[in-house]
Amino acid sequence: MLLTTSRGRENSIGGSTQQPGGQELRVAIVGSGKMAANHARAVASCTVPARVVAVADPSEVALAAMRHVAPDANQFISLTELLAAGGVDVVHICTPPASHVPLAMEALEAGRHIYVEKPFAESSNDAERILEIAKDRGLKVAAGHQLLHEKPTRVAAELLPSLGRISHIESYFSFRTVRRVPGGRVPLASDLQLLDILPHPVYLLLHFLNLSGSGRPELLALNIGEGGTVHALIKQGHLTGSLVVTLEGRPVESYMRIVGTNGALHADYIRGTVQRLIGPGIQDGRQRRRRRASGGSRNPVSDRSDDHNAYGAIVSDARWISTES
Ligand SMILES: NC(=O)c1ccc[n+]([C@@H]2O[C@H](COP(=O)([O-])OP(=O)(O)OC[C@H]3O[C@@H](n4cnc5c(N)ncnc54)[C@H](O)[C@@H]3O)[C@@H](O)[C@H]2O)c1
């Protein structure tokens, strides 16, 4: 059932989608809540030709709110009806986590590309099934892992080589307790909150482990506290990774800390900054004696580290790299 038509536009669904500069991407959004509104705004400000042509949500209230953000989009009460109307290239799935898999399957079966909000799926088997179907049909899949594309991640990746041999990566995210809507008075159970918030810290940790070393990640230890704190220790080749995701820690923080033989960096996803701390470099005693015997020039930072003043040197050498555009 088509609930409403776009403001009389002939080409809103199934019509011409050409725009100067290339073919317009026709986007449908399933779910019309908070993230759907963010997606609609992002599509509207996209630098490539793209337009939200349809939205689906069983909630009339949610659809009414969406009309302010995507006034030209046709509205439906289900994905099934939206797909039946045709004229869509990609479906953005912005519904609660448990519905992601069936909706993703339905969109793929109908031959549409998909963008699935995090958590992509609630089990790795489901995630693999989705990817297999997409592969068989030559369709594209994107997960809502947007922090991979934000400036702290990009700047940190560029600075990695300057840190020398990476030895340790820490992913630390503390969150506020999310409250149920509507009403907002009943806190979600901590396991449901963790399911919802774990993806960002986990995929960032795996991303930087992969950029910094070879091999596959191996989970060495995992502890899930009742109050909503997850600790994990991961090994990948010579690297260790630690993960702390907590609902109990304050202040609220989201950062990656990457430590190498020549320094460390701190990528802050709340402030949008990357701080690089220049370390003295690691030399063994033989290297140091050889350099001194050959009259080698003093390295102001490493030589200060010998007399235990390295910390001051490191802090005063800290470079703040603003990642605001
Ligand atoms: N990437 C991020 O940073 C980020 C941030 C917040 C939320 N999210 C994710 O976005 C998703 C949506 O979160 P939200 O905060 O927008 O939730 P929300 O509760 O505000 O909105 C969800 C909407 O989906 C609708 N819905 C439920 N089942 C549906 C179905 N089968 N078909 C169509 N509509 C359906 C509901 O009626 C509701 O309007 C969640 O998976 C959440 O984890 C991602």
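Predicted model, so just to flag it, every value in this text is computed and none were measured. First listed ligand is number 1; within each ligand, the first listed atom is number 1.
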| Can you find an N/O atom of Ser59 closer than 3.5 Å to an N/O atom of ligand 1? | no
| task | Select the closest option to atom 43 (O) of ligand 1 among Thr80, Asp196, Asn38, Val116, judged by heavy-atom distance. | result | Asp196
| query | When you measure from the side chain of Gln236 to the backbone N and O of Gly215, does any donor-acceptor pair fall under 3.5 Å? | reply | yes
| said: Suppose I only count heavy atoms of Val30 and a 4.0 Å limit; which atoms of ligand 1 are within that range? | reply: 32 (N), 33 (C)
| Below 3.5 angstrom, do we get any N/O pair linking Pro96 and ligand 1? | no
| query | Any side-chain donor-acceptor pair under 3.5 Å between Tyr172 and Thr246? | reply | no
| For ligand 1, which atoms sit closer than 4.0 Å to a heavy atom of Lys118? | 1 (N), 2 (C), 4 (C), 8 (N), 9 (C), 40 (C), 41 (O), 42 (C), 43 (O), 44 (C)
| query | Counting each atom of ligand 1 from 1 as listed, which ones have a heavy atom of Ala56 under 4.0 Å away? | reply | 33 (C), 34 (N)
| field | Validation row: Leu83, Phe76 side chains within 4.5 angstrom (heavy atoms) | value | no
| message | As an exercise, identify every atom of ligand 1 less than 4.0 angstrom from a heavy atom of Gly33. | response | 16 (O), 20 (O), 21 (O), 23 (C), 39 (O)
| Inter-residue atom distance Leu198.CG - Leu243.CG, 0.5 Å rounding | 6.5 Å
| task | Considering the heavy atoms of Gln146, write down every atom of ligand 1 situated less than 4.0 Å from one of them. | result | 1 (N), 2 (C), 3 (O)
| said: Show me which atoms of ligand 1 lie under 4.0 Å from any heavy atom of Ala62. | reply: 39 (O)
| message | Other residues, nucleotides and ligands only: do more than 12 of their heavy atoms fall within 6.0 Å of CZ on Arg176? | response | no
| field | Distance filter under 4.0 Å to Pro58 heavy atoms, resulting ligand 1 atoms | value | 33 (C), 34 (N), 35 (C)
| remark: Rounded to the nearest 0.5 Å, the CG atom of Leu195 sits from the CD atom of Glu122 at a distance of 5.0 Å
| message | Using a 3.5 Å distance criterion without hydrogens, assess whether the side chain of Arg112 forms a donor-acceptor pair with backbone atoms of Val88. | response | yes
| task | May I ask you to list the atoms of ligand 1 that are less than 4.0 angstrom from any heavy atom of His100? | result | 41 (O)
| query | Under 4.5 Å between side-chain heavy atoms, hopping through other hydrophobics if needed: is there a path connecting Val101 to Val141? | reply | yes
| task | Please name all residues satisfying ring pair (Phe, Tyr, Trp, His ring centres under 6.0 Å) with His207, sequence neighbours left out, ordered by chain then number. | result | none
| message | Can you tell me if Leu79 contacts ligand 1 (heavy atom of the residue under 4.0 Å from the ligand)? | response | no
| request: Only pairs at least two apart or in different chains count here, so list each ring pair (Phe, Tyr, Trp, His ring centres under 6.0 Å) that has a residue in residues 84-106. | output: His39-His92, His92-Tyr115
| Heavy atom of His145 under 4.0 Å from ligand 1? | no
| task | May I ask which of Gly144, Cys94, Pro119, Pro199 has a heavy atom nearer to atom 12 (C) of ligand 1 than the others do? | result | Cys94
| said: Heavy-atom distances under 4.0 Å decide this one: backbone, side chain, both or neither, for Lys34 against ligand 1? | reply: both
